[in-house]
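Indexing begins at 1, ligand by ligand and atom by atom, following the structure's order.
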Amino acid sequence: MTGNMVFDATRPVDDRYSPPPLGELEELAAALAEGRLSGGAPDLPHYEAELAGWFGTRRALAVNSGTSALHAALVALDVHPGAEVLVPATAPIVTAMPILTCGATPVIVDTTPGALAMDPADVQTKLTRRTKAAISLPLWGYPADDTAAAAILAAAGVPLIEDACQAHGTQVRGRYTGTLHRAGCFSTHDRKLLATGEGGFILTDDEELADRIDFYTHLGHLRGHVHGVNYKLAGPLAAIGRCRLRYLNTQLRIRREHAHTLLAVLPAGGPLTELPYGDGDQPNYYNLVLTAPPHQAPAIAAALANAGLPPDSRRYDYQPLYHRPIFTRQATSCPNAEALTAATFQLPVHPALSEATIGWVADRLRDLAERQAT
Ligand SMILES: Cc1ncc(COP(=O)(O)O)c(C=O)c1O
């Protein structure tokens, strides 16, 4: 089922992944025949149970986007106007916007050198009486081992949630990202490993928190006791999610194989290495992420962009959160995050890339590493 994209060396490598047909049409036909297409459709509880089963959590709550998942989790943790939420400087704006939606203030913390974990010393410094939550971010599906920050936050009674929107199947110390802390928030937008078009879900083992999220995202179940919003996922999207969840393990395996093929061409001692992660950790390869010494990074970014493989710094103008106009008031010194954002290169390794495409990318990487080494 791999390699369904035709390779064309004159076009950039397509980083948008569409899975092969996985029985969605049949499931959608069944959903249409049943008649209920809303968030009250019978597929919803099945989808939620299957998500909880796949990840091994007590509860999974389907919602209509990753943004909704983050917002609902923050609201359920009592992040109210005037509260503060710690977020790493590596966060894209989509991670931090739900904090603004709560009327709260993002407090930006640096990461540890060369990694995505929050710097525990910076977390300690930036905790205040107003800190109501913190967000761990396994960006690009790479592990963010926030064990040290979590201990500091736990001592202060501050819940940690995960923005695992890109990290379906990523593991930290042998456990799935999104199940490591109080709640895990996922997106199922088209670009994600589990794609339903738009959509998302929240995982938690905390039944009380799950119930609060459930009531909030379902307009308080119209009982009039608590305030809520309509963040329900539509039935047909849950039906698609159910089909595609069954393929997630296969997809993870193929992404890892592609990543290992590319990593194998990098010369030992050369300028390009994989973004490091710990023993027992495992990226899901949403992207393969390479890194290089700071003085070589600009030339490598330019060469990759010229080859049709633009890194996020070129393609999305990816840079620390406080460089974005709506977050400049939260600017703070984050040298580690500055270095990481400037010297990381993201490459697609999704299952639809053919052997020829992966081979072509491998050739570009080998050339580039050899040229930069001399
Ligand atoms: C890291 C991260 N957080 C949050 C989101 C928001 O998810 P959604 O687009 O489903 O609202 C995304 C999706 O792009 C993401 O990649």
Check each atom of ligand 1 against the heavy atoms of [X] and keep those under 4.0 Å away; list them by number with element.
{"X": "Thr95", "result": "1 (C), 3 (N)"}
{"X": "Gly66", "result": "7 (O), 8 (P), 10 (O), 11 (O)"}
{"X": "Ser187", "result": "7 (O), 8 (P), 10 (O)"}
{"X": "Gly199", "result": "10 (O)"}
{"X": "Ser65", "result": "10 (O), 11 (O)"}
{"X": "Lys192", "result": "13 (C), 14 (O), 16 (O)"}

Please determine whether a side-chain nitrogen of the Lys or Arg among [X] and [Y] lies less than 4.0 Å from a carboxylate oxygen of the Asp or Glu.
{"X": "Arg366", "Y": "Glu370", "result": "no"}
{"X": "Asp367", "Y": "Arg371", "result": "no"}
{"X": "Asp15", "Y": "Arg191", "result": "yes"}

Does Tyr142 reach the side chain of Tyr285, with side-chain heavy atoms less than 4.5 Å apart?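 Yes - at least one pair of side-chain heavy atoms lies under 4.5 Å apart.
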Check: Leu347 and Leu365 side chains under 4.5 Å, non-hydrogen atoms: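 With C-beta onward as the side chain, the pair touches.
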Give a yes/no verdict on whether any heavy atom in Ala91 is under 4.0 Å from an atom of ligand 1.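 Flag not set, Ala91 not near ligand 1.
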For Arg191 and ligand 1, answer yes if some heavy atom of the residue is under 4.0 Å from a ligand atom, otherwise no.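 Under 4.0 Å: no for Arg191.
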Looking at atom 15 (C) of ligand 1, what's its closest protein heavy atom, distance included?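 For atom 15 (C) of ligand 1, the nearest protein heavy atom is Cys165 CB, 3.5 Å.
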Can you report which non-hydrogen protein atom sits closest to atom 11 (O) of ligand 1, along with the distance?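 Of every protein heavy atom, Thr67 OG1, 2.5 Å lies nearest to atom 11 (O) of ligand 1.
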Just one of Lys192, Glu198, His168 clears the side chain to side chain contact (heavy atoms under 4.5 Å, CB included) bar with Ser187, so which one?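 Between Ser187 and the candidates, side chain to side chain contact (heavy atoms under 4.5 Å, CB included) is satisfied uniquely by Lys192.
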Considering residues at least two apart in sequence or located in another chain, which fulfil the side chain to side chain contact (heavy atoms under 4.5 Å, CB included) criterion with Ala362?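 By the side chain to side chain contact (heavy atoms under 4.5 Å, CB included) rule, Ala362 matches Leu262, Val265.
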Any residue meeting ring pair (Phe, Tyr, Trp, His ring centres under 6.0 Å) with Tyr231, in chain and number order, not counting sequence neighbours: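 Tyr231: ring pair (Phe, Tyr, Trp, His ring centres under 6.0 Å) contacts with His71.
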Pick one of side chain, backbone, both or neither for how Asp163 approaches ligand 1, counting any non-hydrogen atom pair under 4.0 Å.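 Asp163 to ligand 1: side-chain contact only, backbone stays beyond 4.0 Å.
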Min N/O separation Gln166 to ligand 1 under 3.5 Å: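 Such a contact does occur with ligand 1.
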